[in-house]
2 protein chains.
Amino acid sequence: MRASDRAYQRLREEILDGLLAPRTVLAEVEQAARLGVSRTPVREAFGRLVADGLLAAQSGRGLVVTELSAGGVHELYELRTALEDQAARLAAQRRDPRVFEDLARRFAAAGDLVHLGEEGLHRYYELTDDLDAAIDEAVRNSYLADALRAARTHLVRIRRLARHDPGRLREAAAEHLLIVEAIAAGDAGLAAHATHVHLHKSKTHFVRLVERHLDETSNAPSATVATTGA
Amino acid sequence: MRASDRAYQRLREEILDGLLAPRTVLAEVEQAARLGVSRTPVREAFGRLVADGLLAAQSGRGLVVTELSAGGVHELYELRTALEDQAARLAAQRRDPRVFEDLARRFAAAGDLVHLGEEGLHRYYELTDDLDAAIDEAVRNSYLADALRAARTHLVRIRRLARHDPGRLREAAAEHLLIVEAIAAGDAGLAAHATHVHLHKSKTHFVRLVERHLDETSNAPSATVATTGA
DNA sequence: GAACGGGTCTGTGTATACATTCGCGCCGTC
DNA sequence: GACGGCGCGAATGTATACACAGACCCGTTC
């Protein structure tokens, strides 16, 4: 694998995991040294991360890890709703029913994950990732898939703020089950509307999370440069 | 301005204008020599063009200018509909009415452009570009705007195949006028539905264009390497 | 004659050296 | 004391040199 790919993947994961916190300033030489490669692959990785919206040019020199905000979550969901509603609609028209019948069984059983704590939440995310993949596969539209991938990238960052919440997990499982059943049944309209409803509830949940998170960290900015300096 | 930015812009324009035809193979050294810069900025430009979906990695070595196909137009419009419907809906909720009232006047007068031939078509594209910009401005959602920009990039390539068509231009002007009036009036539902209808008609029109274009060029592949070699 | 293997050669990937620009701090002046 | 200009320095932007890989060609063999 190419060094630039590894640099990109590594930095991307570190941003998504929060190891590189929002507002952290990244310099080429510094990261090149840390990752054990030269500036060239790091520059390429930076370029891709900027395109992903995970890094942004700082006023003046340097790149910063982009910030999460409640307003940003609203904006992200305005995009996500448009894309996922459409994807669900198209998936219902083009799916292999067996794939979604299988997913329906797994979502129906997902209530049990409630008892596994954080591990259960993690397992649930794997399940929703499988659903996303199944929808992409059914829709067979690379333009839509690319746009969805970009939107989901940012979702991962928000999702990371969540702790296990049995009530919300049970609700989400019921919402997802309805979506999957609608797709399996080939009911495009229901699939789209059920997706819309689910995303609305999901958004409400996450906006609350982000607001709480920003409150908690407002006096202790997440950027490492700022904290280590003080 | 940076050499890599100029390389990117130049190559992008050449692809969108069809100067670099689909299936054309691009090599770093070759383009570096042609553009009068070193490989480094060319590599960066290539990376951005791949992210834009205008270049794709060829099997083996080299990058190729991506192809247009009727199926691709369908896929593109599945994405575009999702994004533009949502954008129109949100614009109707957030617009400054004066901006769209002004646009409505311009679209109402656009019928006159029919008499200007190709120049009229060009002028009409400028008008729709202004509408796109006004919608982005009203929506104020960077995620959505980025996704729309990506989709519109590909649209430009398809649009290039069009010749002046008085009938279609008059129809399009009427459809656009309805959209703009709905946004000006703050009627989000109508704005979204009018956009959907317009895009459906637009898609039908362009699919026909692309099919005809592919027919015409099927025996004379557009890639320069193929034609000069034969 | 076709298929497989080795060698060459071109093109990409990475490192590094060089150029350039812009930020930051210091000093001077008002 | 504050503001502005100047200079230094560090970080980015570009060029180039080097390493490596894989694609193509040719020869050989079956």
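The chains referred to below are lettered A, B, ... by the order of the sequence lines, with proteins before strands, and numbering in each begins at 1. Side chains included, hydrogens not; waters and symmetry mates left out as well; all remaining heavy atoms used.
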For the pair made of [atom1] in [X] and [atom2] in [N], what is the distance, rounded to whole Å?
X      : N       : atom1 : atom2 : value
F46(B) : dG13(C) : CZ    : C1'   : 14 Å
E44(B) : dA15(D) : CD    : C1'   : 14 Å
M1(A)  : dT14(C) : CE    : C1'   : 16 Å
Q31(B) : dT14(D) : CD    : P     : 17 Å
L35(B) : dT14(D) : CG    : C1'   : 14 Å
L63(A) : dG13(D) : CG    : P     : 8 Å
Q58(B) : dG22(D) : CD    : C1'   : 13 Å

Using heavy-atom distances to pick each residue's nearest nucleotide on DNA chain C, tell me which of R61(B) and D5(A) is more 5'. R61(B)

Find which nucleotide of DNA chain C each of E28(B) and S59(A) is nearest to by heavy atoms, and output the residue with the more 5' nucleotide. E28(B)

Heavy-atom nearest nucleotide on DNA chain D for G62(A) versus G36(B): which residue maps closer to 5'? G62(A)

Lys/Arg-Asp/Glu bridge criterion (N-O < 4.0 Å) met for R152(A), D129(A): no

Short N-O contact, D215(A) and R212(A), less than 4.0 angstrom: no

Between [options], which nucleotide gets closest to the side-chain atoms of [X]?
X      : options                   : answer
R43(B) : dT14(C), dG9(D), dG11(C)  : dT14(C)
T40(A) : dG23(C), dA15(C), dG13(D) : dA15(C)
R39(A) : dT14(C), dT12(C), dA17(C) : dA17(C)
R2(B)  : dA17(D), dG11(C), dT14(D) : dT14(D)
S38(A) : dT12(C), dT21(C), dA15(C) : dA15(C)

Is the distance from the ring center of Y124(B) to that of H176(B) below 6.0 Å? yes

Apply the side chain to side chain contact (heavy atoms under 4.5 Å, CB included) test between I158(B) and each candidate in V207(B), L76(B), L209(B); give the one that qualifies. L76(B)

Is the terminal nitrogen or CZ of R159(B) (NZ for Lys, CZ for Arg) located under 6.0 angstrom from the six-membered ring centre of Y125(B) and within 45° of that ring's axis? yes

